[in-house]
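Down below is the structure, laid out as structure tokens.
This structure is a prediction, so every number in the text was calculated from the model and none was measured. A, B, ... follow the sequence lines: proteins, then strands. Residue 1 opens every chain.
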Protein chains: 2
Amino acid sequence: MSKYSIDGKPLTEMFKALSNPHRLALFYRLMNCCTPGTRCGMNETKRFCVGELHEGLDIAPSTLSHHLKELHRAGLIRMERRGKHIDCWLEPAVLVQLSQFFKPD
Amino acid sequence: MSKYSIDGKPLTEMFKALSNPHRLALFYRLMNCCTPGTRCGMNETKRFCVGELHEGLDIAPSTLSHHLKELHRAGLIRMERRGKHIDCWLEPAVLVQLSQFFKPD
DNA sequence: CCTATAATTCGAAATATGTCGAAGTATAGT
DNA sequence: ACTATACTTCGACATATTTCGAATTATAGG
């Protein structure tokens, strides 16, 4: 039933991850954090740590953590510890592939 | 929080609608039912009625009806009675706009 | 080794979702 | 008017999701 997938990640899981306003806001922030022409996470200065993503979101830290885990489980983002912080950036191919999925014709 | 929208329909609602395997299957069927170069619903022979969409889905009619309502509420599809049947087709602009949302750069 | 900072895990509560079957509405044909 | 077909609405129930606070882990720096 979940036969539509990208790199083994079912599309339904991706859409479920993006169906929550908080998670969509997080995704959107990561979408727009890289300089034009580059991919998010390529240059490490253009990643966001969890704390930075938290700003202006008005949810508990545990809730934020839960949402990031969902985005990660869906295959939408990558996470990597960097000292006390954990950096987040978009899974590199995901924008191209989702854009392609909806592409008409 | 749901500030990202297309034609007044919040993106979260669209993604929520697509986050269910049955609904994604319905959407996918409508996505691919039109002849290349045309938009779904332009030529009325290329619409699916509810009964046709039901085929091979193994859910109760009432469940199908519920799912189609969700797709409609999210602004993803249009529905129109045609005699005893009700025809469904994609909201014309939705593929372009969703594809655009994910477009990198 | 102790402390402060950053983030996660766990458990609980409220709310939302997916599903069905029974009953209801709409339409076409007889 | 009656019947069959096509689909929807309603009510109920099981399961999933969202959210929080308290407790926990991981790291860096004195």
Side-chain angles (χ1 to χ4, degrees), chain A residues 1-4 10-30 41 44-45 47-89, chain B residues 1-2 10-30 41 44-45 47-89:
Chain A
M1 197 60 62
S2 56
K3 44 186 168 178
Y4 319 111
L11 278 170
T12 50
E13 295 299 313
M14 298 192 180
F15 295 138
K16 194 196 304 186
L18 297 176
S19 74
N20 176 283
H22 289 139
R23 286 196 298 264
L24 184 60
L26 292 164
F27 182 83
Y28 194 78
R29 208 174 270 191
L30 292 174
E44 300 188 345
T45 58
R47 298 173 179 180
F48 279 167
C49 73
V50 174
E52 289 169 328
L53 288 170
H54 198 183
E55 285 166 26
L57 226 53
D58 202 33
I59 52 174
S62 55
T63 305
L64 171 68
S65 194
H66 164 71
H67 284 318
L68 289 173
K69 194 158 81 173
E70 291 297 305
L71 287 168
H72 184 256
R73 289 199 322 142
L76 293 173
I77 66 170
R78 290 198 186 171
M79 305 178 78
E80 187 178 291
R81 183 169 279 279
R82 188 179 178 78
K84 271 193 294 192
H85 300 264
I86 294 188
D87 283 349
C88 305
W89 67 99
Chain B
M1 196 61 59
S2 58
L11 277 170
T12 50
E13 296 298 313
M14 297 192 180
F15 295 137
K16 194 192 308 185
L18 297 176
S19 74
N20 174 281
H22 289 139
R23 285 195 298 264
L24 184 60
L26 292 165
F27 183 81
Y28 195 77
R29 207 172 271 193
L30 291 174
E44 299 188 345
T45 59
R47 298 174 179 180
F48 277 168
C49 73
V50 174
E52 288 169 329
L53 288 170
H54 198 183
E55 284 166 28
L57 227 52
D58 202 33
I59 52 175
S62 55
T63 305
L64 172 68
S65 193
H66 165 70
H67 284 319
L68 288 173
K69 195 159 81 175
E70 291 298 304
L71 288 168
H72 184 256
R73 289 200 321 142
L76 293 174
I77 67 170
R78 291 200 185 168
M79 306 177 78
E80 187 178 289
R81 183 171 279 279
R82 187 178 179 77
K84 272 194 293 191
H85 300 264
I86 293 186
D87 282 350
C88 304
W89 65 100

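- For the pair B:Arg82 (side chain) and B:Asp87 (backbone), a donor-acceptor distance under 3.5 Å is absent.
- Each of B:Ala60 and B:Gly83 has a nearest nucleotide on DNA chain C; the 5'-most of these lies closest to B:Ala60.
- In the region residues 69-79 of chain B, proximity to DNA chain C at under 4.0 angstrom, judged on heavy atoms, holds for none of the residues.
- Judged purely by atom type and a 3.5 angstrom limit, A:Ser19 uses its side chain to pair as donor or acceptor with the backbone of A:Lys16.
- Between B:Arg47 atom CZ and D:dA6 atom C1' the separation is 17 Å, expressed in whole Å.
- Phosphate proximity of D:dT19 to A:His67: present, with a side-chain N or O under 4.0 Å from OP1 or OP2.
- Between the NE2 atom of A:His85 and the C1' atom of D:dG29 there is a distance of 13 Å, rounded to whole Å.
- The distance from atom CZ of B:Phe48 to atom C1' of D:dC7 is 18 Å, rounded to the nearest whole Å.
- Protein chain B contacts DNA chain C from C:dT17 to C:dA28, reading 5' to 3' and using non-hydrogen atoms of the protein with a distance under 4.0 Å.
- Put simply, the side chain of A:Arg29 gets close to the backbone of A:Leu53: a donor and an acceptor are under 3.5 Å apart.
- Side-chain contact check for B:Leu26 versus B:Leu64: some heavy-atom pair is nearer than 4.5 Å.
- OP1 or OP2 of D:dT8 lies within a sub-4.0 Å distance of a side-chain N or O belonging to B:Ser65.
- Within the 4.0 angstrom heavy-atom criterion, only backbone atoms of the sugar-phosphate kind lie near B:Ile59; the bases stay farther away.
- A close approach under 4.0 Å does not occur between any side-chain nitrogen or oxygen of A:His22 and OP1 or OP2 of D:dT18.
- In this structure, B:Glu13 contributes its side chain and B:Pro10 its backbone to no donor-acceptor pair below 3.5 Å.
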